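To start, the structure itself, in structure tokens.
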Amino acid sequence: MTTTRSSAQHGLPGSRRIAAALLVSTLAGTALVACTADAKGSTPPKGSGKSAGGTAGDAKITWGTCPAPTGGHTREPDLACGTLEVPLDYRNPGGTKIDVAVSRLSTAQPGKRRGVLLLNPGGPALGGLGMPETMESRLPKSVLDRYDLIGFDPRGVEHSTPQSCGLQDPSVPGLFPYPAADGSITKNVALAKANAKQCADTVGKNLRYYNTANTARDMDRIRQALGEKKISYWGQSYGTYLGAVYRSLFQGRVGRMVLEGNVDPTKVWANQVADIWGKGMADRFPDAARVAAAQAGTLKLGTNVAQVTDTYLALADRLDRTPAAIPGSSVSLDGALLRNMTYALLLHDNTLPVLAQFWKAADNLAHGSTTAADTALLKEVFAATPTSPGIPADNQATMFMALTCGDAEWPHDVDGYAARTTADREKWPLTAGMPANIWACAYWDKPAEATVKVVKGGPRDTLILQNRRDNATPWEGGVGLHKSLGDASAFVGVDNGGHSVYGEGSACADKATVDFLAGGHLPDKDVYCTDVTQK
């Protein structure tokens, strides 16, 4: 894509780093530097620091330098950062305050500017300070000329008063609980209860205010601090739910909204996991199996999708029963880790070849025939991401639980979880019962407020982008969100796999997105794009 600056490219992470980012819950970045002066080239937009239709007239952001990122790249020199003070509990605006870290990359063409585009990368609980840099490298000049790109770390995440339960094991397998090899959830029940108690004992009642509704209210405070009557918004994954909640709480304050890889707001969160994740994996897995089957001569995992699937299921079962230590590493590969890594590498088409190689290396490891090349690949795949000074190691895990448990109440009956897990294992063997299993949410405090009901209708201001085979936020989620918004939304489905839609090979979907953001044109009817070309 053509951009307005000569900054370094900040696109998708490398294929193996994607997996590491999922499997390690420490996040990139350093403590936010106190901001006392505008960064070079960062002229605050007109009206910055003044209220625009809100009650927080003193809300302001003092712009300055941004925390240095991890990962080797340098910050875009025009990216400015600052903090905004917001109430912990909006029902008690005079009480405890917390900080929300915000970033801004101003348009290079202020004469063409129509407003701001607020960005959220999802998660739940991913930081977004660097997202303007990422999106600058992906969006065309016609969009970049019209918007200041605004990123933020959601409340409780990274540089926004980060929260920590002090979890001893904040790894992904603990958050996405697979039952034992025999289907038992006894250990899952114990871990769920322990994690919930640890958070209650460490953070206490305050954690219940770190929910999506309050994050949306923070977004409106950002709008006010920027001096904007309306904000446009691009949300990915969990960010689609956050956007839908903002739109419902603040009708009339949305300019143009793009939601990519979508959550059904009627299924938050237990049913989003239990009802559609198994099918989502079943829809996506054959894409990777075909890649492996095409290399049957060297990988020997099977010559067709069915054979590769059988090999994978047998491998997962074997590792469930007998985990295998990776030579020269502290990692022991079990069935849960195999499945979580598979989930991660299914998120993008360009990681499917790595996934096929990973399956082969894992299969050799499980059978005691590991080669030096296998060991090197496994070590690289499981390489830890850098830790972040000033941010607790369990911050993402803590906030993941705070959001998934705090937005809506989960069932509390252990026997019910056991029965649903057994049924789910039989129906969707690839996910092995995890989506229906018991999470810490079963023992969580009651949410601070009722789940936000997403408002149907209103201004036609939302574009929904959804891949047909998305294992993270399956097709059914996008359809459900479109139904919830009704005529207010336009739906663009794409015959592709993976979690990202824009910039992933469909000129049809990309054009619809750019036409909307740059010109305000939404498709008159639902669109299904079949023009995908693999990059």
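Quick note: numbers below take in every heavy atom, side chains included, and nothing from hydrogens, waters or symmetry partners. Predicted, not measured: the structure shown is a model, and the values here were computed from it.
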Is [Y] close to [X] at the side-chain level, that is, under 4.5 Å between some pair of heavy atoms?
X      : Y      : result
Thr215 : Pro154 : yes
Tyr209 : Arg91  : yes
Pro523 : Leu463 : yes
Val100 : Phe152 : yes
Val268 : Tyr238 : no
Leu117 : Leu119 : yes
Tyr147 : Arg114 : yes
Met219 : Leu242 : yes

Between the side chain of [X] and the main-chain N/O of [Y], is any donor-acceptor distance below 3.5 Å?
X      : Y      : value
Arg253 : Lys230 : no
Glu133 : Glu76  : yes
Arg155 : Leu88  : yes
Lys97  : Pro93  : yes
Asp394 : Cys165 : yes
Tyr417 : Pro411 : yes
Thr513 : Ala509 : yes
Ser248 : Ala244 : yes
Thr240 : Gln236 : no
His412 : Ala442 : yes

Take Arg217 and Asp220 through the test salt bridge (charged side-chain N to carboxylate O under 4.0 Å, His left out) and record every step on the way to the result.
-> CA-CA 5 Å; Arg217 295 177 182 115; Asp220 204 58; over 6 Å; no

For a quick test of reading the model, state the closest non-hydrogen atom pair linking [X] to [Y] and the distance between them.
X      : Y      : answer
Pro179 : Asn437 : N-ND2, 3.6 Å
Asn120 : Gly239 : OD1-CA, 3.2 Å
Leu79  : Cys66  : O-SG, 3.6 Å
Ala196 : Ala440 : CB-O, 3.7 Å
Asn211 : Gly406 : CB-O, 4.1 Å
Met257 : Phe516 : O-CE2, 3.4 Å

Glu228 vs Arg104, salt bridge (charged side-chain N to carboxylate O under 4.0 Å, His left out): CA-CA, chis, key distance, verdict | CA-CA 14 Å; Glu228 300 291 330; Arg104 186 191 68 230; over 6 Å; no

Greater than 12 external heavy atoms within 6.0 Å of [X]'s [atom1]:
X      : atom1 : value
Asp487 : CG    : no
Asp524 : CG    : no
Lys483 : NZ    : no

[atom1]/[X] to [atom2]/[Y] distance, rounded to the nearest 0.5 angstrom?
X      : Y      : atom1 : atom2 : result
Thr462 : Arg256 : OG1   : CZ    : 12.0 Å
Ile231 : Gln224 : CD1   : CD    : 10.5 Å
Glu476 : Asp264 : CD    : CG    : 9.5 Å
Leu84  : Ile98  : CG    : CD1   : 10.0 Å
Lys193 : Asn188 : NZ    : CG    : 13.0 Å
Glu260 : Thr473 : CD    : OG1   : 9.0 Å

Give the intermediate values and the outcome of side chain to side chain donor-acceptor pair (under 3.5 Å) for residues Asp515 and His521.
-> CA-CA 6 Å; Asp515 285 351; His521 306 298; over 6 Å; no

Worked verdict on Asp461 versus Tyr233 for side chain to side chain donor-acceptor pair (under 3.5 Å) | CA-CA 10 Å; Asp461 54 17; Tyr233 175 83; over 6 Å; no

Who passes side-chain contact (heavy atoms from CB on, under 4.5 Å) against Asp424, sequence neighbours left out?
->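 Scan of Asp424 (side-chain contact (heavy atoms from CB on, under 4.5 Å), adjacent residues dropped) gives Trp428, Thr431, Pro435, Ala436.
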
Verify side chain to side chain contact (heavy atoms under 4.5 Å, CB included) between Tyr443 and Val414, making sure each step is shown before the conclusion.
-> CA-CA 10 Å; Tyr443 298 98; Val414 173; 3.3 Å; yes

Given the rule in the side chain to side chain contact (heavy atoms under 4.5 Å, CB included) test, do Met401 and Asn195 qualify, once you have shown the distances and angles that lead to the verdict?
-> CA-CA 9 Å; Met401 290 191 295; Asn195 282 346; 4.2 Å; yes

Apply side chain to side chain donor-acceptor pair (under 3.5 Å) to His482 and Asn262, showing your working.
-> CA-CA 9 Å; His482 186 35; Asn262 299 275; over 6 Å; no

Does the ring-ring contact (aromatic ring centres under 6.0 Å, His included) test come out yes or no for Trp234 and Tyr502, once each step is laid out?
-> CA-CA 11 Å; Trp234 187 318; Tyr502 179 81; 5.4 Å; yes

With Trp269 as reference, evaluate Trp410, Tyr241, Phe400 under the ring pair (Phe, Tyr, Trp, His ring centres under 6.0 Å) test and give the passing residue.
->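 Exactly one option meets the ring pair (Phe, Tyr, Trp, His ring centres under 6.0 Å) with Trp269, and it is Tyr241.
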
Given the side-chain rings of Trp475 and Phe491, with only the six-membered ring counted for Trp, is the space between their centroids under 6.0 Å?
->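 Yes, close enough.
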
Show your working on side chain to side chain contact (heavy atoms under 4.5 Å, CB included) between Leu346 and Met281 and close with a plain yes or no.
-> CA-CA 9 Å; Leu346 286 172; Met281 178 62 82; 3.3 Å; yes

Going by the angle between their ring planes, with limits at 30° and 60°, are Phe176 and Trp277 parallel, tilted or perpendicular?
->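 Phe176 vs Trp277 ring planes: parallel.
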
Asp148 vs Ser106, side chain to side chain contact (heavy atoms under 4.5 Å, CB included): CA-CA, chis, key distance, verdict | CA-CA 4 Å; Asp148 295 338; Ser106 298; 3.6 Å; yes

If a pair satisfies salt bridge (charged side-chain N to carboxylate O under 4.0 Å, His left out) and one of its residues is in residues 402-419, list it, with sequence neighbours excluded.
->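 Every pair satisfying salt bridge (charged side-chain N to carboxylate O under 4.0 Å, His left out) with a residue in residues 402-419: Asp413-Arg420.
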
Please determine which of Lys205, Arg208, Lys197 meets the salt bridge (Lys or Arg N to Asp or Glu O under 4.0 Å) test together with Asp445.
->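 One option only clears the test, and that one is Lys205.
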
Using the side chain to side chain donor-acceptor pair (under 3.5 Å) rule, pick out the option among Asp99, Asp153, Thr83 that qualifies with His159.
->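 With His159 as partner, side chain to side chain donor-acceptor pair (under 3.5 Å) holds for just one option, Asp153.
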
